Protein chains: 2
Amino acid sequence: MSNKPTAAAIPGNTIGRLSLYRRLLQELLAQGTRQVYSHQLARLAVSTPSQVRRDLMTIGFSGSPRRGYTISELLANIEGLLARSIETSVALVGVGNLGRAILAYYANRQPVRFAAAFDRAPEKTGRILHGCRCYPVSEMAEVIAREQIHVGVIAVPAAEAQGVADQLVLAGVRGILNFAPVRLHVPAGLYVEHVDLMMALDKVAYYAHQQVEQQDSSR
Amino acid sequence: MSNKPTAAAIPGNTIGRLSLYRRLLQELLAQGTRQVYSHQLARLAVSTPSQVRRDLMTIGFSGSPRRGYTISELLANIEGLLARSIETSVALVGVGNLGRAILAYYANRQPVRFAAAFDRAPEKTGRILHGCRCYPVSEMAEVIAREQIHVGVIAVPAAEAQGVADQLVLAGVRGILNFAPVRLHVPAGLYVEHVDLMMALDKVAYYAHQQVEQQDSSR
DNA sequence: TTTTGTGAATCGATTCACAGCG
DNA sequence: CGCTGTGAATCGATTCACAAAA
């Protein structure tokens, strides 16, 4: 409550965009580009030059009016910020369709490592999927402590999600990424990010329909 | 540009929460509950009573100070708003790990119907997955027109996403849900929702780490 | 009482607009 | 010049606070 973190808290939206910039910058660097202007990065991110400059200002990064931003430096800066000291170890709970797709998606990408997966079904435990060993949920606390896991990813049915979240919190996880279509209750200070696929599709369907209706009514 | 839609545009955040309320209300109704107060709905949604009341005000729904909101009426109202006239027909492009998980996730839920899936790989076409027929991408325009599809879901690798988006737009889709880790450029007025899994995990990892650091520095 | 409906205040995020620099 | 860095303005979303209703 009373201690001031080294850096001022950076808003979630900004962190999200930095994650995007990182990927774009990695790609630019791989193409051999060395410098980038805010308007170029903005175009790639489908954003505005102002937004890009504001974000870089937020993390205290400076460019030069003449040459723009040096990609290698900026990238190192963002990577240092997002992936602090060491790689983040992550645990997946729920090895169903979605869980396996998530493992495949993140497999050997970026500075995040899936150190363990958990599932209730005995036929799924003991296997290794995408380099990630699958344990029974009963071993969750033990494995999370041993592997120094700070982040949990929940991909279980809605009815089980809160119970799993409670176990993860008890096991000492500090952040949760939740794919189940319920909102989780967690102790204050713990970070939860919800990926709600139903909500996402509902939003698209709503605005797509609205488009169609406006078009129709203008005939 | 110049025509006024029947209802004033509802902000995306509000639509998202309405999608959540719908699920919560369906559950309450299934449990036999008839009425609900804003503070009860807020607790389920991990939100505030003010927020709930404001959202319902936005869609023009009224309750009674004594009895709260009548669940069946509210639900009908939200469902009518989200799922306009008819069911929304959706097309999936990219039947990989993630694409299949998405199909399984949405299968026979809610008022959204996956009317077609597309993939480049010939060995995937012709099959039926979760009640959804898989076509070669070359037939995209034809099938989308025939099935009256207004929404496209993109689950292809990053490098192919923009090309697929262009095809969907050409085929007449009005909204896109994009799971590929790139931002899409689409004509103005078309709605795009990004689900960026890398960004989501980066955010959780960042804040989880920050937690750990604050804890360490306070010792 | 308790709870709704809502104008007003607040908070946060984005955009503007321009001084300063190379 | 064209670009960055940034204070100020704007825009949007959330929360407050209280009158009205039952």
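Note that this is a predicted model, so its numbers are computed, not measured. Residue numbers begin at 1 in each chain, while the letters A, B, ... track the order of the sequences.
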| said: Could you tell me how far apart B:Asn13 (CG) and D:dC11 (P) are, to the nearest whole angstrom? | reply: 18 Å
| request: Quick one: label A:Arg67 by what it contacts on the DNA or RNA (base, sugar-phosphate, nothing), any heavy atom closer than 4.0 Å. | output: nothing
| Using a cut-off of less than 4.0 Å, is there contact between a side-chain N or O of B:Tyr69 and OP1 or OP2 of C:dG5? | yes
| message | Which nucleotide wins on minimum distance to the side chain of A:Tyr37, given the candidates D:dT4, D:dT14, D:dA22? | response | D:dT4
| task | Could you please name the option among C:dT3, D:dT14, C:dA13 that lies closest to any side-chain atom of A:Pro11? | result | C:dA13
| message | Nearest to the A:Ser50 side chain among C:dA17, D:dT14, D:dA22, which nucleotide is it? | response | C:dA17
| Are A:Thr70 and A:Gln35 linked by a side-chain donor-acceptor pair shorter than 3.5 Å? | yes
| For B:Ile10 and D:dG12, what is the distance between atoms CD1 and P respectively, to the nearest whole Å? | 16 Å
| remark: Between CG of B:Asp55 and C1' of D:dT15 the distance, given in whole Å, is 12 Å
| field | Under-4.0 Å side-chain N/O to phosphate OP1/OP2 contact, B:Ser62 with C:dG5 | value | yes
| query | Could you go step by step and tell me if A:Tyr69 and A:Tyr37 meet the ring pair (Phe, Tyr, Trp, His ring centres under 6.0 Å) rule? | reply | CA-CA 6 Å; A:Tyr69 303 94; A:Tyr37 294 120; 8.5 Å; no
| Roughly how many Å is it from NE2 in A:His39 to P in D:dG2, rounded to a whole number? | 11 Å
| said: Can you measure A:Gln51 atom CD to C:dC16 atom C1' for me and round it to whole angstrom units? | reply: 13 Å
| Over how many whole Å does the gap from B:Leu74 atom CG to C:dG5 atom P extend? | 11 Å
| message | Of the listed nucleotides (C:dT14, D:dT6, D:dG2), which one gets closest to any side-chain atom of A:Met57? | response | D:dT6
| request: Let me know the distance between CG of B:Leu56 and P of D:dT14, rounded to the nearest Å. | output: 14 Å
| request: Would you sort out whether B:Asp196 and A:Arg23 count as a salt bridge (charged side-chain N to carboxylate O under 4.0 Å, His left out), showing the intermediate values? | output: CA-CA 12 Å; B:Asp196 190 327; A:Arg23 289 198 303 264; 2.5 Å; yes
| message | For a quick test of reading the model: is some side-chain N or O of A:Ser38 closer than 4.0 Å to OP1 or OP2 of D:dT4? | response | yes
| said: Please classify the nucleic acid contact of A:Thr14 as base, sugar-phosphate, or nothing, using heavy-atom distances under 4.0 Å. | reply: nothing
| query | Would you say the side chains of B:Glu73 and B:Asn77 form a donor-acceptor pair under 3.5 Å? | reply | no
| said: Is it the case that the side chains of A:Asn97 and B:Tyr105 hold a donor-acceptor pair, with the cut-off being a distance below 3.5 Å and no angle test? | reply: no
| remark: Here the distance between atom C1' of D:dT4 and atom CD of A:Gln35, to the nearest Å, is 13 Å
| field | Candidates D:dC3, D:dT14, C:dT15 - which lies nearest the side chain of A:Arg54 | value | C:dT15
| message | Measuring to OP1 and OP2 of D:dT14, would you say a side-chain N or O of B:Thr48 lies under 4.0 angstrom away? | response | no
| request: For D:dC16, take OP1 and OP2 only and decide whether either is under 4.0 Å from a side-chain N or O of B:Arg53. | output: no
| request: Could you tell me whether A:Arg113 and A:Glu147 make a salt bridge, using a distance below 4.0 angstrom between a side-chain N and a carboxylate O? | output: yes
| remark: Which of D:dT14, C:dT14, C:dT4 is nearest the side chain of B:Pro65? It is C:dT4
| Is A:Pro49 touching bases, backbone alone, or none of the nucleic acid, heavy atoms closer than 4.0 Å? | nothing
